[in-house]
Asker: 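Below: one structure in structure tokens.
The analysis underlying the following values was restricted to heavy atoms, covering all of them including side chains, and did not include hydrogens, waters or symmetry mates. So that the names make sense, note that chain A is the first sequence line, chain B the second, and so on, each numbered from 1.
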Amino acid sequence: MDETVKLALDTIHKEKQAIIFAPSRASAEKAAEDIAKITSFSLLDLEKGVLKGVGTPTKQCRRLSHCIRKGVAFHHAGLTNKQKELIEDSFREGKIRIICATPTLAAGLSLPAYRVIIKSLKRYSGRWGMDWIPVLEYMQMAGRAGRPEYESLGEALTIAKTDAEKEEIHERYVCGVPEEIYSKLAVEPVLRTYLLSLIASGIIRDNKSMQDFFGKTFWAFQFGDMNKLNLIMERMLHLLEEWGFVTLQNPGGDFAPANALSAEQQMRATAIGKRVSELYLDPLTARHLLDCLIKYDDSKNTFSLLQMVSNTLEMRPLLRIKAKEEDFIHQELMKQYENLLTKEPSAFDIDYSDFMNSIKTALFFEAWIGENDEDYLLEKFNVRPGEIRVKLETADWLLYASEELAKVASQKNIMAPIHRLRLRLKDGVKEELLPLLKFKGIGRVRARKLYSNGLKDIGHLKAVDMATLSQLLGKVLAADVKEQLGETVQQVPAGKRKGQLSLEKF
DNA sequence: GGACGGTGAAACTTCAGGTTGCCTC
DNA sequence: GAAGTTTCACCGTCC
């Protein structure tokens, strides 16, 4: 039997709870399943709660519900928020004994346990293969052990495979000093976003106020070398100018030459620059969106816009293309080639894999608005319910930003198609269902049901009789829809409402 | 003899996470 | 680099 499983069982025998940290999602899920095979709990009500977390239960939900029935859960970013909350709450209540998690659980919320078991202190890290995780992260995880309100002590256990590894872990982590916290301001996307917003709000007006402001930040304190720091800021500034978000002007009114930055030059945000900053957009993304919008015309389609928002830093991490999918993605790319708003980079370009991943991500969005369910999306694109929500939210935000940018850039013709796309993404529907979604209580499933029964728009809904509509939607909702249409309907007895209302839209 | 099913080893594939904006009937 | 997953050959059983 696996050491982790043994420790988990031991924890249960002691009537305690444990959190097990695993280095990958697959590993967390497997550990949970292995433990669930052995425990003897039977928590049927919790199991139901998990399955309700999504529209149609996916393979993942079924795996989770099966574990949860046995008092064990896995926890990672692929779960929906509802499911994560349910797991966390049930753990606090003591119903769930063991959680197998990825580092999601280490940061943020407080979820203490008697025992923390760290399966492995190594994790895959890009080019170097497996690498030790930061000491800081180890401390975050180990710090989950011990519940101050109930226990006087907690245990944080790490599993070593050899004696040599045991030594190394002890030295590196138990005796280790956590890494220094470095200022996130040093990251370029953050820096350029801040710089633009400071200029837009008038806090930075010229070279002097720029140096004053940044000189007082934690970043400068850590960085030390102010000259080098000023060079970085100047480079950012000129990028903002080049992108058309900031103007540099001499006091006399002349525009400054592009490279020199004199003490007197006035920095001001352009109208678009101001809007970009209000939207909290990374200026690089804003430039990308604006460049794409210019190329958008009637010959383009929803895929064009979906790929536009997929090909941004904000959408990262993108859906990765698996080896087996390469051909399929290439074929789809060829089909949509004319619709792209950006050029395909050369295959040797470092951006190439991101670009291809953005195609896959856009295809996923397209499948979603093609009314495919979550189980299909999991099979076809390997996206889990939790990620679907996050991606949809990001897409909506970026499309909203695009709509606003189009407004400022006087490209109002684009606003309508973007807005329609946002509505479609929200519920995951084809264009034809949009008229029906205006009604409260009608989502993708019911709208499709109405549509396929010939009720395709407001006119049809007005014309149809209550009996037919009730058959499709249930009495209460049918009456509600009729009322939303401005018709008065005889009230249905209140007792029946509950069942209908609990059928959530999604 | 052939279909089927179980088993184990080898080959292959993949690998954590979460914040932002705005509106509204 | 390592764990998890898939593939495939092999063997035994049953009809």
Side-chain angles (χ1 to χ4, degrees), chain A residues 2-4 21-34 59 63 74-81 84 100-109 118-134 136-138 140-141 159 161-162 165 184 187 189-190 192-194 196-197 274-283 285-286 289 309 312-326 353 357 382 384 386-405 407 418-419 422-423 426 437-441 483-484 486:
Chain A
D2 185 79
E3 293 301 321
T4 318
F21 286 106
S24 71
R25 293 179 185 185
S27 162
E29 293 189 8
K30 184 165 177 296
E33 276 184 332
D34 286 350
K59 208 164 69 182
R63 274 182 92 174
F74 55 84
H75 188 288
H76 55 61
L79 305 183
T80 61
N81 283 332
K84 283 191 272 191
C100 301
T102 56
T104 352
L105 214 57
L109 81 168
I118 302 169
K119 265 192 86 151
S120 163
L121 286 161
K122 286 186 171 179
R123 191 163 46 221
Y124 178 78
S125 69
R127 66 191 78 154
W128 293 39
M130 296 303 264
D131 210 353
W132 295 101
I133 62 167
L136 205 59
E137 208 179 302
Y138 165 79
Q140 289 259 28
M141 295 194 283
I159 296 170
K161 291 179 197 69
T162 59
E165 196 178 281
K184 287 201 168 169
V187 184
V190 181
R192 55 193 179 223
T193 308
Y194 268 101
L196 180 58
S197 93
K274 275 193 184 133
R275 196 75 190 102
V276 168
S277 138
E278 283 165 8
L279 291 166
Y280 262 130
L281 268 182
D282 176 352
T285 299
L289 294 177
V309 294
T312 59
L313 289 178
E314 283 82 350
M315 197 58 82
R316 284 182 185 181
L318 298 172
L319 306 192
R320 268 187 303 275
I321 297 179
K322 291 192 280 186
K324 275 186 190 164
E325 293 170 338
E326 272 183 22
S353 72
N357 288 339
N382 198 31
R384 292 128 193 272
E387 295 161 301
I388 294 175
R389 305 304 155 89
V390 175
K391 290 278 172 272
L392 288 176
E393 204 172 303
T394 310
D396 183 60
W397 171 51
L398 289 173
L399 285 170
Y400 166 76
S402 305
E403 225 179 315
E404 292 299 304
L405 290 178
K407 202 190 283 177
I418 295 181
H419 197 75
R422 282 183 68 200
L423 291 174
K426 193 164 159 266
L437 288 175
K438 289 181 183 142
F439 294 93
K440 227 164 69 183
E483 266 176 43
Q484 289 181 56

Asker: Choosing from B/dG18, B/dC15, B/dA16, which nucleotide comes nearest the side chain of A/R320?
Answerer: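 Closest nucleotide among those given: B/dC15.
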Asker: Classify the nucleic acid contact of A/P317 as base, sugar-phosphate or nothing, counting any heavy atom under 4.0 Å across all strands shown.
Answerer: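 It contacts base atoms.
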Asker: Determine the sole option in A/I418, A/V276, A/L279, A/L281 for which the side chain to side chain contact (heavy atoms under 4.5 Å, CB included) test with A/E404 is passed.
Answerer: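 When A/I418, A/V276, A/L279, A/L281 are each tested with A/E404, the side chain to side chain contact (heavy atoms under 4.5 Å, CB included) holds only for A/L279.
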Asker: Mind calculating the distance between CG (A/L121) and P (B/dA16) to the nearest angstrom?
Answerer: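 Answer to the nearest Å: 16 Å.
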Asker: Calculate the interatomic distance between A/M141 atom CE and B/dA16 atom P; express it in whole Å.
Answerer: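 Rounded to whole Å, this separation is 14 Å.
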Asker: Counting side-chain heavy atoms from C-beta on, which of B/dA16, C/dT6, B/dG18 comes nearest to A/K324?
Answerer: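 Nearest listed nucleotide: C/dT6.
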Asker: Would you say C/dA2 has OP1 or OP2 under 4.0 Å from some side-chain N or O of A/R123?
Answerer: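 Negative; the distance criterion is not met.
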Asker: From the list C/dT5, B/dG17, C/dA3, which nucleotide is the closest neighbour of the side chain of A/K30?
Answerer: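 The closest nucleotide is C/dT5.
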Asker: Whether A/T104 contacts B/dA16 is assessed here as follows: a side-chain N or O lying under 4.0 Å from the phosphate OP1 or OP2. Is that the case?
Answerer: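 No, no such contact exists.
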Asker: Rounding to the closest angstrom, what is the interatomic distance between C/dA2 and B/dG18 at atom C1'?
Answerer: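 About 27 Å, rounded to a whole number of Å.
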Asker: Reckon A/K322 touches a base, only the sugar-phosphate, or nothing at all at heavy-atom distances under 4.0 Å?
Answerer: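 Counting heavy atoms under 4.0 Å across all strands, the contact made by A/K322 is with sugar-phosphate only.
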Asker: A side-chain contact here means heavy atoms from C-beta on lying under 4.5 Å apart; do A/H76 and A/E29 qualify?
Answerer: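 They are in contact (side-chain heavy atoms under 4.5 Å apart), so the answer is yes.
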Asker: Rounding to a whole Å, what distance do you find between A/I133:CD1 and C/dA2:C1'?
Answerer: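 In whole Å, C/dA2 C1' lies 16 Å from A/I133 CD1.
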Asker: Would you classify A/K119 as touching base, sugar-phosphate or nothing, given that sugar-phosphate means primed atoms plus P, OP1 and OP2, and contacts are heavy atoms under 4.0 Å?
Answerer: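 Sugar-phosphate: the residue A/K119, judged by heavy atoms under 4.0 Å, touches backbone atoms but no base.
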Asker: Return the value, rounded to whole Å, for the distance between atom CG of A/L318 and atom P of B/dG18.
Answerer: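 Interatomic distance, CG of A/L318 to P of B/dG18: 17 Å.
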Asker: CG of A/N357 versus C1' of B/dT14: gap in Å, rounded?
Answerer: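 One finds 13 Å between C1' of B/dT14 and CG of A/N357, rounded.
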Asker: Sticking with atom P, work out how far B/dG21 lies from C/dG1, rounded to a whole angstrom.
Answerer: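 B/dG21 and C/dG1 have their P atoms separated by 42 Å.
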Asker: Separation of A/K122 atom NZ from B/dA16 atom P, in whole Å?
Answerer: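 To the nearest whole Å, that distance equals 18 Å.
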Asker: Using atom CZ of A/R63 as one end and atom P of C/dG4 as the other, report the distance to the nearest whole Å.
Answerer: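 In whole Å, C/dG4 P and A/R63 CZ are 10 Å from each other.
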Asker: Between A/R275 and A/E278, is there a salt bridge with N-O shorter than 4.0 Å?
Answerer: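 Yes, A/E278 and A/R275 are salt-bridged.
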Asker: Within the 4.0 Å heavy-atom criterion, would you say A/E137 contacts the bases, only the backbone, or no part of the nucleic acid?
Answerer: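 Contact class for A/E137: base.
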Asker: Name the pairing partner of B/dA16, where a pair is Watson-Crick or G-U wobble with both distances under 3.5 Å, or state none.
Answerer: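 By the stated definition (distances under 3.5 Å), nothing pairs with B/dA16.
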Asker: Taking only the P atom of each, what is the distance from C/dT5 to B/dG17 in whole angstrom?
Answerer: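 Per the computed distance, 16 Å lies between those P atoms.
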Asker: Name the residue closer to the 5' end of DNA chain B, choosing between A/A323 and A/A77 according to the nucleotide with the nearest heavy atom.
Answerer: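 Its nucleotide being nearer the 5' end, the pick is A/A323.
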Asker: Look up atom OG in A/S120 and atom CZ in A/F21, then write down how far apart they are to the nearest 0.5 Å.
Answerer: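 Nearest 0.5 Å value for the OG-CZ distance: 13.5 Å.
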Asker: Please state how far atom CH2 in A/W132 lies from atom P in C/dA2, giving the value in whole angstrom units.
Answerer: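 Between P of C/dA2 and CH2 of A/W132: 11 Å.
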Asker: Does the side chain of A/I133 come within less than 4.5 Å of A/M141's, by heavy atoms?
Answerer: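 Heavy-atom side-chain distance check passes, below 4.5 Å.
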Asker: Would you check if the side chain of A/K119 reaches a backbone N or O of A/I159 as a donor-acceptor pair within less than 3.5 Å?
Answerer: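 Looks like no, no N/O pair under 3.5 Å.
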Asker: Less than 4.5 Å apart, any side-chain heavy atom of A/R123 and any of A/P103?
Answerer: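 The answer is yes, as the side chains (C-beta and beyond) meet within the 4.5 Å cut-off.
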Asker: List every contact pair, protein side and nucleotides 19-24 of chain B side both N or O, where the distance is under 3.5 Å.
Answerer:
residue : atom : partner : partner atom : Å
B/dG21  : O4'  : A/W397  : NE1          : 3.4
B/dC22  : O4'  : A/Y400  : OH           : 3.2

Asker: Quick check: do A/D396 and A/K426 have side-chain heavy atoms less than 4.5 Å from each other?
Answerer: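 Heavy-atom side-chain distance check fails, nothing below 4.5 Å.
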